[in-house]
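I have placed the structure first, in the form of structure tokens, so that the comments after it can refer back to it.
Chain letters run A, B, ... following the sequence lines, proteins first and then strands; every chain starts at 1.
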Amino acid sequence: MSGFKSDFLRTLDERGFIHQISDPEGLDAACMKGPITAYVGYDATATSIHIGNLITVTMLYWLQETGHRPISLMGGGTSMVGDPSFRDDQRKLLTPETIATNIESIKKVYSRILRYGDGPTDAIMANNADWLMKLNYVEFLRDVGRFFSVNRMLSFDSVKLRLDREQSLSFLEFNYMIMQGYDFVELNRRYGTVLQMGGSDQWGNIVNGVDLSHRMGGPQLYALTTPLLTTSSGQKMGKTANGAVWLNSDLFSPYDFWQYFRNTEDADVVRFLKIFTRLSLSEIARLGALGGAEINEAKKILATEATAVVHGREAADAAAETARLTFEEGVHADDLPTLEIPKADLEAGVGVLTAFVQAGLAASNGDARRSAQGGGLKVNDRTVTDPKEMLTLESLNKDGVIKLSLGKKKHILLKPV
RNA sequence: GGGAGAAUGUCCCGAGUGGCAAAGGGGGCGGACUGUAAAUCCGCUGGCUAAGCCUUCGUAGGUUCGAGUCCUACUUCUCCCA
């Protein structure tokens, strides 16, 4: 499916963003004819979007870069219902207040990546609550509901999975795809939007919107999905011990974000460089040619570039420097995650295990104890052998802090105040 | 409305004759080997004031020296009949 003429599709294709397109030739032609408007919808189920969503935001970025207009759609209305696609349990219902808070928090990330404004290719921030919340039930059923075939909706994989597993699918959730389909039509009316993009799990929902437009006598719309990103060893991307890789820095620090990419598997480096950085394809090819231990250089660049996109260049460089000092120089860097602890506590003495729990490196004393038994705890780079050891003012190193380490990669500084 | 089944360690899947802190996976964490990679091997994967104590098997009661296991009611979910 290569050989696209438009800059937009060619770029997405070359960088590995394309999984399916509903009518590749038609869409390519539309992109050639002039600026198009395309959108991606985002759930407001958390206070931040995560790395999986970053892929689609990046598509919006390339859309804008190649001369088109992106819309980031906040799911203020659809989040009242919850997307059941490929899930085998019902989501918890969110309160309108939670949704509003989430949207405010989520919005911050976009302006770093997209350029918003009133110009012809400036991005638009929309919220489907603006039209969904006002709908009149019976009217909506007659105008829109009649175009949806339940038989067909039941045949979508996203729903079938749920039914096959004999999990219930409430009528509430069943309506999600109708709302999403309607969003597409509404965005077309308001902004002339002709393309909806999303993850591969959204294919069914997106195509529903394309169909709905047909049936309602509207224009031809297009669907484009990205592959579900997995690591080469088959793991879903973006999962860590503490949950998802969030983009908001209060949930997942730039340093952690940098580390996440630094630890990319060899086999994924090129793929991730194409998707998560803006480096040219020739530069990526050069980095991809590095073999053996040299590929670590490519991973550092990947980490820094990806972090710069989300958190800014300054934060990215700082994270890189912290990592360099910590891992390559073997000294502790000042901006490792730091926890302040009252000086009085140290004077009285703090149990090592407790200290690790307070630092968030262990879930409980028992957990810390087990890590110590496995040789995974270090205080100032010295392995903890006695779980009863006390940390006191004596434990402060020459820089006046105590460095706690879990394994080789997680470090926290305790700073007396 | 009637009938049949299901709910297990707060990550998931999943065994479980009345003696159970509860088999086995997956995932995760730690160790070894390396390159902050992958693969492989080893250990850990309820809580605590820790040779002991406390809390866990949908919820609440009951039988029993003793209940995840048996009984009753309830909740939720599935399937079949209406």
Comparing A/Leu406 with A/Lys409, nearest RNA chain B nucleotide closer to 5' gives the residue A/Leu406
Taking only N and O in the side chain of A/Arg370, is any of them less than 4.0 Å away from OP1 or OP2 of B/rG47? yes
Nearest whole angstrom, please: distance from the C1' of B/rU36 to the CG of A/Asp256. 14 Å
Under 3.5 Å, is there a donor-acceptor pair linking the side chains of A/Gln180 and A/Gln202? yes
Specify the glycosidic conformation (syn or anti) of B/rC29, with syn defined as within 90° of 0. anti
Taking any heavy-atom pair under 4.0 Å as a contact, classify A/Ile295: base, sugar-phosphate, or nothing. base
Using the P atom on both, measure B/rG61 against B/rU10 and round to a whole Å. 22 Å
Distance in angstrom units between A/Asn296 CG and B/rA38 P, rounded: 11 Å
Could you check whether A/Gln373 gets within reach of a base, just the sugar-phosphate, or nothing at all, counting any heavy atom under 4.0 Å? nothing
Nearest-0.5 Å distance, OG of residue A/Ser22 to CG of residue A/Leu195: 8.0 Å
Side-chain atoms of A/Arg262 come closest, of B/rG30, B/rG47, B/rU36, to B/rU36
Electrostatic pair A/Asp381:A/Lys378 at N-O distance under 4.0 angstrom: no
Give a yes or no on whether a donor-acceptor pair under 3.5 Å exists between the nucleobase atoms of B/rG35, that is its base, and the side chain of A/Asp266. yes
Check the phosphate of B/rG30 against A/Lys410, side-chain N and O only, distance under 4.0 Å to OP1 or OP2. Yes or no? yes
With a 3.5 Å cut-off and just heavy-atom distances, do the side chain of A/Lys408 and the base of B/rU34 make a donor-acceptor pair? yes
In terms of heavy-atom contacts, A/Ile113 and A/Tyr61 come closest through O-CD1, 3.4 Å
B/rG30 phosphate, OP1 or OP2, under 4.0 Å from A/Ser371 side-chain N/O: no
Among the nucleotides B/rG30, B/rA37, B/rG47, which one has an atom lying closest to any side-chain atom of A/Glu265? B/rA37
With rounding to the closest Å, how many angstrom separate the P atoms on B/rA37 and B/rG31? 11 Å
Can you tell me, in whole Å, how much space there is between the P of B/rG46 and that of B/rG62? 31 Å
Using the P atom as the point on both nucleotides, what is the distance between B/rG24 and B/rA15, in whole Å? 15 Å
Reckon A/Gly407 touches a base, only the sugar-phosphate, or nothing at all at heavy-atom distances under 4.0 Å? sugar-phosphate
Give a yes/no on whether any side-chain N or O of A/Asn365 is located under 4.0 angstrom from OP1 or OP2 of B/rU49. yes
Under 4.0 angstrom between A/Thr326 side-chain N/O and B/rU36 OP1 or OP2: no
Flag for A/Asp183-A/Trp131: side-chain donor and acceptor within less than 3.5 Å: yes
Among B/rU36, B/rA37, B/rG35, which nucleotide has an atom closest to any side-chain atom of A/Ala293? B/rG35
B/rU45 versus B/rA22 - spacing of their P atoms, nearest Å: 11 Å
